[in-house]
Amino acid sequence: MKETLQAVRGMNDTLPEDVFYWHQLEQALCDISNSFGYQEIRFPILEKTALFKRSIGEETDIVQKEMYTFEDRNGDSLTLRPEGTAACVRACLQHGLLHNQQQRLWYLGPMFRHERPQKGRYRQFYQFGVETFGYDSIDIELELLSMSYRLWQQLGLMEEASLHINTIGTLEERQQYQQALREYLERHQRSLDDDSLRRLEKNPLRILDTKNPQVQAILHEAPQLMDYLSSVSRSRFEALCEGLHALSIPYHVAPSLVRGLDYYSHTVFEWITDSLGAQGAICAGGRYDGLVAQIGNKEVPAAGFAMGLERLVLLLQAKGNCLADKRCDVYVLVDKTISGASVQLSVDRLRKALPQLSFVVDFSGASVKSQLKRADKTKATHALLFLADEFRQGLIGLKSLRVVGEQQWHRLEALSQELLVAEG
Ligand code: HAM
């Protein structure tokens with residue numbers, strides 16, 4: 001017997017019963033982008049491998065062990081995008097969107113990382129991301145944080161999300177700090193775990209967000225990044241905190257938050273939830289002023305964030321916060337002696353008149369009684385009855401599936417008005 005084929009590990013199907021949560025979320029994301037004046041951009045799922053190596057950083061976990069990279073038939077090294085920021089910058093540069101212009105952009109789509117799958121962590125996952133270009137003041141960070149905060153409000157997830165922010169200063173400040181941190185940690189090498197030892201040489205900053213209590217204990221006495229920042233960088237961060245205060249957005253300063261991608265400078269942040277176990281980050285981002293120059297030799301200040309949609313859907317499902325969980329408004333019962341085409345013709349006229357309603361036609365040819373039972377199992381609020389005798393006289397039955405009572409008979413011309421009133 002042939003083996004039944006399964007999806008690739010860590011890559012999910014979204015079934016009809018869950019898709020309503022996705023629609024609700026995608027609608028909210030579209031609405032919020034619109035209300036803040038952000039425009040959608042779409043870019044390919046595949047990019048040249050060099051783009052991600054150059055931007056995310058050669059020594060990061062993503063580039064070292066998580067990318068889906070392969071040679072295509074021409075021998076070019078290509079990678080399934082592990083995130084959207086690098087590709088967004090590439091697209092903007094390629095199409096001249098950053099010539100003396102400011103941009104506020106958003107995108108939504110699948111990303112790919114070969115991580116160990118678990119609840120909330122997948123190998124194909126969806127991100128909604130926003131990227132801004134040409135804004136160098138903290139006002140844009142505040143806008144990004146208001147935008148995400150507003151989204152939690154709209155989705156009823158205010159209680160779930162807490163904001164963690166930090167500043168990692170400029171590249172030069174960070175390099176000086178890295179040197180001091182490395183020297184300190186080298187003196188404690190014997191207490192470091194394998195992961196930290198591996199990072200010590202190339203990426204010591206990442207040791208700061210270790211989960212290992214023994215390493216955390218050593219870090220208590222380690223040099224602090226804040227002490228290596230210039231007064232300009234520090235006052236920038238203070239102004240950001242004041243702005244958050246003025247906007248009434250609660251936040252925690254998290255000195256160990258450094259992010260796993262190399263392109264950030266100054267502000268970094270994550271919205272974290274306690275409700276998803278280890279995979280608590282639902283949205284993350286920050287400022288990345290150096291990245292455009294790194295990809296395209298052009299100095300353009302930039303900031304953005306991305307959120308993981310699977311994680312948000314899990315939160316919405318746990319709360320039962322789905323506004324749109326409806327498959328059908330009107331269930332159409334058909335006597336088997338009536339021609340399917342004439343029913344479709346009539347229902348299509350109703351669909352045209354009432355595009356906001358969904359009509360499902362029962363073509364089973366089963367008895368009207370069993371069709372009615374099936375209608376009751378759907379979430380439909382009304383049934384239409386196409387019965388042989390009445391239909392011959394030009395009449396269609398309208399019956400509520402929520403309120404007990406007899407059906408009423410109407411001509412097709414009057415039915416759309418009746419349905420409109422009945423559906424409220
Ligand atoms: P990131 O922190 O790597 O940042 O990912 C952003 C969000 O994507 C995470 O907070 C999480 O919600 C979701 N996510 C990441 N990996 C997975 C996974 N394996 N499974 C499910 N969800 C996941 C970035 O990607 C940056 N490009 C964000 C950014 C945009 N910074 C500036 N602009």
Side-chain angles (χ1 to χ4, degrees), residues 8-12 14 25 29 38 41 43 47 51-52 55-57 60-63 65-68 80-90 92 103-133 135 140-141 143-145 147-148 151-152 157 160-166 168 206 209 257-273 275-292 295 301-315:
V8 177
R9 194 163 123 79
M11 307 211 175
N12 298 317
T14 304
L25 182 56
L29 293 167
Y38 284 60
I41 182 165
F43 33 81
E47 294 278 349
L51 173 70
F52 300 116
S55 50
I56 298 170
T60 57
D61 283 353
I62 296 182
V63 170
K65 31 183 205 197
E66 293 170 5
M67 295 204 306
Y68 281 89
L80 281 169
R81 59 185 189 193
E83 58 108 47
T85 311
C88 185
V89 171
R90 197 268 310 135
C92 287
Q103 297 289 348
R104 287 177 161 101
L105 304 170
W106 68 271
Y107 52 86
L108 190 157
M111 308 291 161
F112 303 84
R113 294 184 195 176
H114 196 276
E115 294 190 83
R116 201 164 45 79
Q118 63 181 82
K119 184 180 170 193
R121 187 168 68 196
Y122 310 104
R123 290 182 174 171
Q124 175 178 315
F125 59 96
Y126 282 75
Q127 273 188 351
F128 164 78
V130 309
E131 312 294 355
T132 65
F133 300 100
Y135 301 92
I140 202 74
E141 279 110 309
E143 178 172 288
L144 293 170
L145 292 166
M147 195 172 173
S148 37
L151 186 71
W152 315 141
L157 297 177
E160 311 294 323
S162 66
L163 174 60
H164 295 230
I165 58 167
N166 191 22
I168 55 169
R206 288 289 285 156
D209 69 3
L257 177 63
V258 287
R259 307 275 302 123
L261 304 99
D262 279 356
Y263 47 63
Y264 293 105
S265 55
H266 294 298
T267 314
V268 287
F269 61 85
E270 286 184 354
W271 287 93
I272 312 267
T273 175
S275 314
L276 293 176
Q279 305 310 317
I282 49 175
C283 170
R287 177 165 283 283
Y288 50 95
D289 288 344
L291 183 61
V292 181
I295 297 177
F305 66 67
M307 42 183 81
L309 301 197
E310 285 78 2
R311 295 182 188 180
L312 293 175
V313 166
L314 283 170
L315 290 179

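Both counts, for ligands and for their atoms, begin at 1 and track the order of listing. Computation of the quantities below employed the complete heavy-atom set of this structure, encompassing side-chain atoms and omitting hydrogens, waters and symmetry-equivalent molecules.
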Mind checking the CG-CD1 spacing from L314 to I282? Nearest 0.5 Å is all I need. 11.0 Å

So CG of L151 and SG of C283: to nearest 0.5 Å the spacing works out to 8.5 Å

Can you name the salt bridge (Lys or Arg N to Asp or Glu O under 4.0 Å) partners of E115, sequence neighbours left out? none

What residues, two or more places apart in sequence or in another chain, satisfy salt bridge (Lys or Arg N to Asp or Glu O under 4.0 Å) together with E310? none

Exercise: do T85 and Y263 side chains pair donor with acceptor under 3.5 Å: yes

For ligand 1, protein residues within the heavy-atom limit of under 4.0 Å are E83, T85, R113, E115, G120, R121, Y122, F125, Q127, E131, R259, L261, Y263, Y264, A281, I282, C283, A284, G285, Y288, G304, F305, A306, G308, R311

Listed partners of E131 passing salt bridge (Lys or Arg N to Asp or Glu O under 4.0 Å), at least two apart: none

